[in-house]
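What follows is a single structure, written as structure tokens, with notes after it.
Here the structure is a predicted model, which means the values were calculated and not measured. Counting begins at 1 with the first residue of the sequence.
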Amino acid sequence: MSSENASPDPAATQVKPAAERAGTPALAQDLVDVPALLAAYSELHPDPANPAQQVSFGTSGHRGSSLKASFNEDHIAAITQAIIEYRAAQGVTGPLLMGRDTHALSGPAQDTALEVLMGNGVHTLIDSRDGFTPTPAVSHAILALNAEVPAGVGPSGAGQTGQADGIVITPSHNPPTDGGIKYNPPHGGPADTDATNWIADRANALLAGGLADVQRIPLAEARQHEALGTYDFLDRYVSDLPKVIDLDAIRQARVRIGADPMGGASVGYWGEIGARHGLDLTVVNPEVDPQWGFMTLDWDGKIRMDCSSPNAMASLIERMRAEGTGENESAGDAPFDIATGNDADADRHGIVTPDGGLMNPNHFLSVAIDYLYRHRHGWPAGAGVGKTLVSSSMIDRVAAGLGRPLVEVPVGFKWFVPGLLDGTGVFGGEESAGASFVRFDGSAWSTDKDGLLLCLLAAEIRAVTGKTPTEYYAELVEQYGDPVYARIDAPATAEQKAKLKKMSPSDVTADTLAGEPITAKMTEALGNGAAIGGLKVTTENAWFAARPSGTEDVYKIYAESFVSAEHLAQVQAEAKAIVDAVIA
């Protein structure tokens, strides 16, 4: 039989498993059933005795899925009531600002929260445009309002008395099946563990009590309640941007920016930023879709709005390869000078350059730090460089080259809040593509991660230096070396993870790591003495850090080498052996 008449091979037409399609467009079978997701939000009720269905605050609030009874109406009612009681106990009497992202569960969760907030008579401000609100816009608004009404002083011209705080309803970059909610106290940043532990414990007690102590009114009544007001988050954020970013330089250099909201809360912000400040800015994809059907699949085959992932950012990376003649086009023919992406609540940044594609988050943080400390002349001369302990040691070398102290803190943006507020820490950054910094005059801009801010900084760097951030990083490599960085996961039981969390430096008996003498063994962060919930070991040219996962039966090994990829592999292998010897 000729090939022309042969029947199609069933194997050839079979769709590959999702995990094998990483970086390719999502298919129909990859999409969440939104009606089922929304129905489960109200129809499923968590079992208060099941740990998987209890309220649990991680580094960025409580997250879960209505389909798994881990993010449902009961959870939000209980968490909101707990937040109300917590803020009252802390003497917080100003307005509570509430924002939400574009996840399908965020709208219903905001409605539930409003029913409880109004049931308690809490003065609450929601977006005046009934739009989506990025996390940094909420943080910025809290700081702006509280600057007008210092603690113990009031009222303001708007009648505000007392300090404001906020709730953001978002699971960040998590898949479309998920929902999330987090609390930002009057300092504007993520709540610390004292606050989140109290809120979680109280919320779980409310769940166990059948929500009997939750004060709540119907939504229609809540929407008309005298305690409910509005706030123009977008106007405040966009209007204030010249105080923190050199927009004049971007405009005068005619930097072409392609901003991809990735279906998230920044969708209305980017167009306004471009129009109001006269920038050559194109909103690459203004579509909002609770299924995120336009996304490319992440490394594990899931839809995840992670702007630091080459797989999730594949479509924007491809677009930056100049349109027209394919692979042989030069970077100069690319449609944008800088392309950017943000996750669903816009607290993370992704930077794509014509000459380098998607930048590694550690690389861009290093560039941002070197540039900012050389060009922000109004910043305090002694202000340090803030980084989490699992971020690249390239930052350590850049800080030393700048003559600035390094402030290394545990994982979690909350550790940067005090410094950003008082000016002693003018920049804070995480390896997971989250960062923020202060205004030109050294005063606080946001105390939560700000993805829009870092994306605009990439455009400023291009305008002022004439270099792409990729070219800028290449110069840092020439000066400080070329590190290789990676994270791997290793299996661990709950008991083993608990042992890792309680390790002490004396538990490590090894004197060398991958052929180099060990220079430090740490279970507390050098920058603030706080427990890191794990272990970090360093040598002259390498380091590793091991931390237990909060959601999976694994521990994470972060490692870096300034020697080679082979040396990094040796560091990883010896790191696993060191940790396993203690937790086995």
Side-chain angles (χ1 to χ4, degrees), residues 37-38 40-42 44 46 53-87 96-120 122 124-127 132-139 142 165-185 188-193 195-204 206-207 211 214 216 219 222 264-265 290 343-347 412-414 448-449 550-551:
L37 187 72
L38 297 177
Y41 175 76
S42 57
L44 295 186
Q53 297 178 11
Q54 293 174 351
V55 173
S56 177
F57 275 72
T59 55
S60 296
H62 172 77
R63 297 180 185 178
S65 174
S66 63
L67 300 173
K68 298 179 180 179
S70 54
F71 188 91
N72 302 79
E73 189 171 357
D74 291 356
H75 293 103
I76 304 307
I79 291 170
T80 305
Q81 183 68 43
I83 289 172
I84 292 167
E85 295 175 10
Y86 176 81
R87 73 193 299 268
L96 183 144
L97 282 64
M98 183 159 59
R100 64 182 171 96
D101 76 1
T102 54
H103 277 80
L105 290 173
S106 294
Q110 184 184 58
D111 289 344
T112 301
L114 282 177
E115 292 175 352
V116 178
L117 288 163
M118 295 303 101
N120 286 265
V122 175
T124 303
L125 302 178
I126 58 175
D127 186 58
F132 307 109
T133 314
T135 286
V138 175
S139 177
I142 291 171
D165 55 0
I167 290 174
V168 188
I169 300 175
T170 173
S172 190
H173 61 288
N174 277 28
T177 53
D178 290 7
I181 181 170
K182 57 184 179 180
Y183 174 61
N184 287 38
D192 62 25
T193 51
T196 56
N197 287 343
W198 193 98
I199 292 168
D201 289 345
R202 177 57 178 154
N204 285 321
L206 290 167
L207 287 174
L211 304 180
V214 173
R216 184 175 178 180
L219 182 61
D343 62 342
D345 69 324
D347 69 345
F413 204 80
K414 63 186 178 184
D448 213 327
K449 300 185 290 289
T551 57

**Request:** Could you walk me through whether K449 and D343 pass the salt bridge (Lys or Arg N to Asp or Glu O under 4.0 Å) test, one step at a time?
**Result:** CA-CA 11 Å; K449 300 185 290 289; D343 62 342; over 6 Å; no

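- What you find for G166 and L96 is that their closest heavy atoms are CA-CG, 4.3 Å.
- Nearest heavy atoms, T124 versus L114: CG2-CD2, 4.2 Å.
- Taking the six-membered ring where tryptophan is involved, the planes of Y183 and Y86 are perpendicular, since the angle between them exceeds 60° and thus also 30°.
- In this structure, CG on L97 lies 6.0 Å from CD1 on I142, to the nearest 0.5 angstrom.
- One distance of note links CD1 of I83 with CG of D165; it measures 8.5 Å at 0.5 Å rounding.
- How far CG of L105 is from CD1 of I181: 12.0 Å, rounded to the nearest 0.5 Å.
- The shortest non-hydrogen separation linking P176 to L37 is O-CD2, 3.6 Å.
- A200 and F57 make their closest contact through CB-CD1, 3.9 Å (heavy atoms, listed as atom of the first residue, atom of the second, distance).
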**Message:** One pair to check against side chain to side chain contact (heavy atoms under 4.5 Å, CB included): D345 and K182. What are the steps and the verdict?
**Reply:** CA-CA 12 Å; D345 69 324; K182 57 184 179 180; 3.5 Å; yes

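- Residue L44 comes nearest to S66 through the heavy atom pair CD1-O, 3.2 Å, listed as atom of the first residue, atom of the second, then distance.
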**Prompt:** Going through the checks in order, is the side chain to side chain contact (heavy atoms under 4.5 Å, CB included) test met by T193 and K414?
**Reply:** CA-CA 9 Å; T193 51; K414 63 186 178 184; 2.7 Å; yes

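- The heavy-atom pair separating E115 from A222 by the smallest distance is CA-CB, 4.1 Å.
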